[in-house]
There are 2 protein chains.
Amino acid sequence: MKLSEGVEWGAHCAVLLSVLPSGAALPAGRLAEYHEAPVAYLAKHLQALSRAGILEAVPGPHGGYRLARPATGITLLEIVEAIDGARPPFRCTDLRSRGPAGVPASQFRTMCGIHRAMVEADELWREHLRTVTVADLAVGAASGSSPEAVEKFVNWFQEVLP
Amino acid sequence: MKLSEGVEWGAHCAVLLSVLPSGAALPAGRLAEYHEAPVAYLAKHLQALSRAGILEAVPGPHGGYRLARPATGITLLEIVEAIDGARPPFRCTDLRSRGPAGVPASQFRTMCGIHRAMVEADELWREHLRTVTVADLAVGAASGSSPEAVEKFVNWFQEVLP
DNA sequence: GTCCCTATACTCGGATAGCAAGTGTCCGAGTATAGGCGG
DNA sequence: CCGCCTATACTCGGACACTTGCTATCCGAGTATAGGGAC
């Protein structure tokens with residue numbers, strides 16, 4: 001079980017975009033440079049975030065990506081589902097109905113116990129990710145960084161912003 | 001993000017083995033037949049469960065697999081970790097320390113917020129799976145089955161047990 | 001008749017191919033800008 | 001000098017190779033049994 005690496009990039013990009021001045025956008029190339037990620041591959045994930053209505057793409061010069069909504073309304077779960085897909089990691093193949101002792105699924109009154117436990121665990125996982133917003137992450141990143149880190153960030157920030 | 005299909009098979013096999021008479025074992029071939037699973041591939045996962053100390057392998061004729069411990073002490077999480085591995089699905093690549101604004105990890109006072117949220121969510125997921133035991137699953141399966149399903153199961157059961 | 005030995009058949013165990021999904025990359029479509037030209 | 005037009009350069013967007021890890025399979029090592037032979 002492995003979560004796509006693009007989720008991490010997407011989340012970091014969203015946090016970075018959340019501190020941009022209103023209306024400003026950052027192209028995929030800059031975002032990739034900031035995170036040392038392959039440009040084209042990161043762009044692929046940014047497109048997914050754009051399709052999901054999390055980011056907004058601005059074409060042409062001075063274009064790029066920006067948040068489509070306020071950072072307080074974008075949850076980490078949305079980013080995960082936009083990039084990794086919303087399908088749960090466990091897919092019940094309904095083993096109860098197969099084999100020499102199998103009976104049609106309609107004969108069971110309750111959901112398969114294994115399936116149920118997996119769904120519940122998955123729901124807890126998603127529920128927690130739903131409580132974390134991009135704005136929370138931005139605040140946490142700012143308060144957890146050393147002065148030197150903040151300074152380097154501001155320098156880079158003012159350099160890329162025209 | 002996809003959980004190995006072997007997890008489902010392993011869990012169902014453990015439940016099935018939990019209702020065996022004490023000391024009896026069921027070979028991989030029977031377990032595969034019961035779940036309509038590829039024999040050799042299922043055997044691979046049973047070996048993993050055996051290595052993890054969940055199942056016990058009995059070689060030779062009349063051998064097979066049986067639970068190595070009481071079903072009340074085997075959690076669903078153990079089965080998942082034995083087959084799928086215990087590594088968390090999200091692997092932080094420490095993006096904070098990279099790129100033009102990166103500083104050494106030692107300069108950060110707190111864990112990366114994204115990483116933290118993912119770890120917490122993963123812990124909730126694992127914690128829930130830890131509360132479900134094979135014994136619980138067996139009880140649930142028995143109480144949720146129709147009389148016909150129980151009858152077919154008992155028939156098959158008495159047939160394969162010498 | 002009883003005990004022992006051997007051959008057998010059955011079991012698990014690890015090492016070996018095939019395939020799907022994630023990873024990484026490329027080139028084409030569209031647009032705001034900058035410069036040049038005409039009025 | 002001002003406005004318009006065109007060419008440009010920059011952006012995103014979807015279609016195309018490659019690698020890792022899950023899926024599936026095979027053959028070899030080890031053991032309890034069943035049968036046969038000797039005593």
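Predicted, not measured: the structure shown is a model, and the values here were computed from it. Order of the sequence lines sets the chain letters (A, B, ...), proteins ahead of strands, with each chain counted from 1. Side chains included, hydrogens not; waters and symmetry mates left out as well; all remaining heavy atoms used.
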Novice: Could you tell me the separation between the CE atom of Met1(A) and the P atom of dT23(D), rounded to a whole number of Å?
Specialist: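 Result: 13 Å.
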Novice: Pairs under 3.5 angstrom only: tabulate donor-acceptor contacts from the side chains of residues 83-91 of chain B to other protein residues two or more places apart or in another chain.
Specialist:
residue  : atom : partner  : partner atom : Å
Asp84(B) : OD1  : Met1(A)  : N            : 3.2
Asp84(B) : OD2  : Met1(A)  : N            : 3.2
Arg91(B) : NH1  : Pro88(B) : O            : 3.1

Novice: I'd like to know if the side chain of Arg130(A) and the backbone of Leu77(A) have a donor-acceptor N/O pair within less than 3.5 Å.
Specialist: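 It does not hold such a pair.
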Novice: Will you find, in the side chains of Ser50(A) and Glu56(A), an N or O donor that is under 3.5 Å from an N or O acceptor?
Specialist: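 Distance-only check fails for Ser50(A) and Glu56(A).
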Novice: Donor-acceptor check, side chain of His35(A) to backbone of Leu31(A), threshold 3.5 angstrom: yes or no?
Specialist: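 Yes; at least one donor-acceptor contact below 3.5 Å.
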Novice: Would you kindly give the CD1-to-P distance between Ile83(A) and dA21(C), to the nearest whole Å?
Specialist: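 It works out to 19 Å between those atoms.
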Novice: Over how many whole Å does the gap from His45(A) atom NE2 to dT25(C) atom C1' extend?
Specialist: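 Distance check: His45(A) NE2 to dT25(C) C1' gives 13 Å.
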Novice: Verify, without hydrogens or angle tests, whether Arg66(B) (side chain) and Gly23(B) (backbone) share a donor-acceptor contact under 3.5 angstrom.
Specialist: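 Present.
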Novice: Look at the side-chain N and O atoms of Lys2(B) and state whether any lies under 4.0 Å from the OP1 or OP2 oxygen of dT23(D).
Specialist: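 It does, given that an N or O in the side chain of Lys2(B) lies less than 4.0 Å from OP1 or OP2 of dT23(D).
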Novice: Of all the choices, dA24(D), dC22(D), dG24(C), which nucleotide is nearest to the side chain of Trp9(A) once you look at every atom?
Specialist: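 Looking only at heavy atoms from C-beta outward on Trp9(A), the closest nucleotide is dG24(C).
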Novice: For the pair made of CG in Leu3(A) and P in dG21(D), what is the distance, rounded to whole Å?
Specialist: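 So the two atoms are 15 Å apart, to the nearest Å.
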Novice: Between Tyr34(A) and Trp156(A), what is the ring plane arrangement, given parallel below 30°, perpendicular above 60°, and tilted in between?
Specialist: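 Ring orientation, 0 to 90° scale: tilted.
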Novice: If I take atom CZ in residue Arg91(B) and atom P in nucleotide dT20(D), what distance separates them, rounded to the nearest angstrom?
Specialist: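 Spelled out: CZ on Arg91(B) to P on dT20(D) is 14 Å.
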Novice: Report yes if at least one side-chain N or O of Tyr41(B) is closer than 4.0 Å to OP1 or OP2 of dT23(D); otherwise report no.
Specialist: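 For Tyr41(B), the contact criterion (side-chain N or O under 4.0 Å from OP1 or OP2 of dT23(D)) is met.
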Novice: So which protein N/O to nucleotides 7-14 of chain C N/O distances come out below 3.5 Å?
Specialist:
residue : atom : partner  : partner atom : Å
dT11(C) : O4'  : Gly60(B) : O            : 3.2
dC12(C) : OP1  : Ala28(B) : N            : 3.1
dG13(C) : OP2  : Tyr65(B) : OH           : 3.0
dG13(C) : N7   : Gln47(B) : NE2          : 3.2
dG14(C) : OP2  : Arg51(B) : NH1          : 2.7
dG14(C) : N7   : Gln47(B) : OE1          : 3.1

